[in-house]
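As structure tokens, the structure follows; a few thoughts come after it.
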Amino acid sequence: MSHWLIKSEPDVFSIDDLKKSPGRKTHWDGVRNYQARNFMRDGMKKGDLVFFYHSNCDTPGIAGIAKIVKEGYPDHTAFDPEDKHYDPSSTPGNPRWCMVDVKFERKLKRVISLAELKTFADSKLREFALLRRGNRLSVMPVSETHWRFILKLE
DNA sequence: GCCAACGTTGGC
DNA sequence: GCCAACGTTGGC
């Protein structure tokens with residue numbers, strides 16, 4: 001089983017929104033970055049656990065844990081001209097983007113802030129993709145070691 | 001294939 | 001709101 005981190009702006013969709021969603025799950029649509037897509041399409045497997053990260057907010061950080069409940073399949077929002085993430089070069093016959101379904105697992109007891117994570121950037125969390133300079137990836141892998149260490153901070 | 005222009009992300 | 005980082009686009 002692998003571990004991951006996905007980012008979301010809480011003003012748009014927070015961990016609480018996921019918890020309130022029907023069946024406590026949602027499809028993770030709108031990813032329009034090839035590296036992120038490849039992680040979703042090729043890496044994410046049913047049962048994998050995912051850190052739910054809040055970005056672009058007062059206290060950016062890891063807010064909760066979700067689980068992959070459906071593996072990669074075409075992101076239909078790319079086909080919809082009305083959708084914010086419409087991409088005319090992606091068609092049902094030849095879909096370019098994909099999504100997975102994630103389900104609420106739990107909130108962390110407290111948000112583990114980016115600021116706190118950064119204090120370990122040169123030690124326990126060296127090589128953690130989230131802390132690499134200028135990282136803008138919205139989907140990234142988390143190593144076993146890093147996953148366990150971060151959970152211990154909780 | 002190069003690279004300037006442009007758009008987006010996301011911390012601060 | 002600013003701006004650095006960086007991915008994408010498109011002219012050449």
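Chain A is the first sequence line, chain B the second, and so forth, proteins listed ahead of strands; every chain is numbered from 1. Keep in mind that this is a model prediction, so the values were computed, not measured.
- Defining each end axis of the helix from B/dG1-C/dC12 to B/dC12-C/dG1 as the rotation carrying four pairs' C1' atoms onto the next four, with five pairs an end, the two axes are found to diverge by 10° to 10 degrees.
- With a 6.0 Å cutoff to the six-membered ring centre and a 45° limit on the axis angle, A/Lys70 counts as a cation-pi contact of A/Tyr73.
- The backbone N or O of A/Arg24 lies less than 3.5 Å from no partner atom in the side chain of A/Ser21, so there is not a single donor-acceptor pair.
- Take A/Arg106 and apply the salt bridge (charged side-chain N to carboxylate O under 4.0 Å, His left out) test, not counting sequence neighbours, and it matches A/Glu154.
- Along DNA chain C, the nucleotide nearest A/Arg96 and the nucleotide nearest A/Asn135 are compared for position; the residue whose nucleotide lies closer to the 5' end is A/Asn135.
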Which atom pairs, one a donor and one an acceptor, fall under 3.5 Å between side chains of residues 88-100 of chain A and the rest of the protein, sequence neighbours left out?
{"from": "A/Ser89", "atom 1": "OG", "to": "A/Asp87", "atom 2": "OD1", "distance (Å)": "2.6"}
{"from": "A/Ser89", "atom 1": "OG", "to": "A/Asp87", "atom 2": "OD2", "distance (Å)": "3.3"}
{"from": "A/Ser89", "atom 1": "OG", "to": "A/Arg96", "atom 2": "NH1", "distance (Å)": "3.2"}
{"from": "A/Ser90", "atom 1": "OG", "to": "A/Arg96", "atom 2": "N", "distance (Å)": "2.8"}
{"from": "A/Thr91", "atom 1": "OG1", "to": "A/Asn94", "atom 2": "N", "distance (Å)": "3.1"}
{"from": "A/Arg96", "atom 1": "NH1", "to": "A/Tyr34", "atom 2": "OH", "distance (Å)": "3.1"}
{"from": "A/Trp97", "atom 1": "NE1", "to": "A/Asp87", "atom 2": "OD2", "distance (Å)": "2.7"}

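- Of the options A/Arg37, A/Arg32, A/His27, A/His85, a side chain to side chain donor-acceptor pair (under 3.5 Å) to A/Asp75 is made by A/Arg32 and by none of the others.
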Quiz item: Given A/Glu127 and A/Arg132, is the salt bridge (charged side-chain N to carboxylate O under 4.0 Å, His left out) satisfied, shown in steps?
Solution: CA-CA 7 Å; A/Glu127 302 297 308; A/Arg132 317 248 345 206; 3.3 Å; yes
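- To the nearest 0.5 angstrom, A/Trp4 atom CH2 is 6.0 Å from A/Phe39 atom CZ.
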Side chains of residues 7-15 of chain A: which donor-acceptor pairs under 3.5 Å do they make with residues two or more places apart or in other chains?
{"from": "A/Lys7", "atom 1": "NZ", "to": "A/Leu137", "atom 2": "O", "distance (Å)": "3.0"}
{"from": "A/Ser8", "atom 1": "OG", "to": "A/Phe13", "atom 2": "O", "distance (Å)": "2.6"}
{"from": "A/Glu9", "atom 1": "OE2", "to": "A/Asn56", "atom 2": "ND2", "distance (Å)": "3.4"}
{"from": "A/Ser14", "atom 1": "OG", "to": "A/Asp16", "atom 2": "N", "distance (Å)": "3.2"}
{"from": "A/Ser14", "atom 1": "OG", "to": "A/Asp17", "atom 2": "N", "distance (Å)": "3.1"}
{"from": "A/Ser14", "atom 1": "OG", "to": "A/Asp17", "atom 2": "OD2", "distance (Å)": "3.2"}

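- Proximity of a side-chain donor or acceptor of A/Asp48 to a complementary backbone N or O of A/Lys45 within less than 3.5 Å is detected.
- Sorted by residue number, the members of residues 51-61 of chain A with any non-hydrogen atom under 4.0 Å from DNA chain B read A/Tyr53, A/Ser55, A/Asn56, A/Pro60.
- Counting 5' to 3', DNA chain C first comes under 4.0 angstrom of a heavy atom of chain A and last does so at the ends given by C/dA5 to C/dT8.
- Counting all heavy atoms, side chain and backbone alike, A/Val31 lies closest to A/Ala36 at CG1-CB, 3.5 Å.
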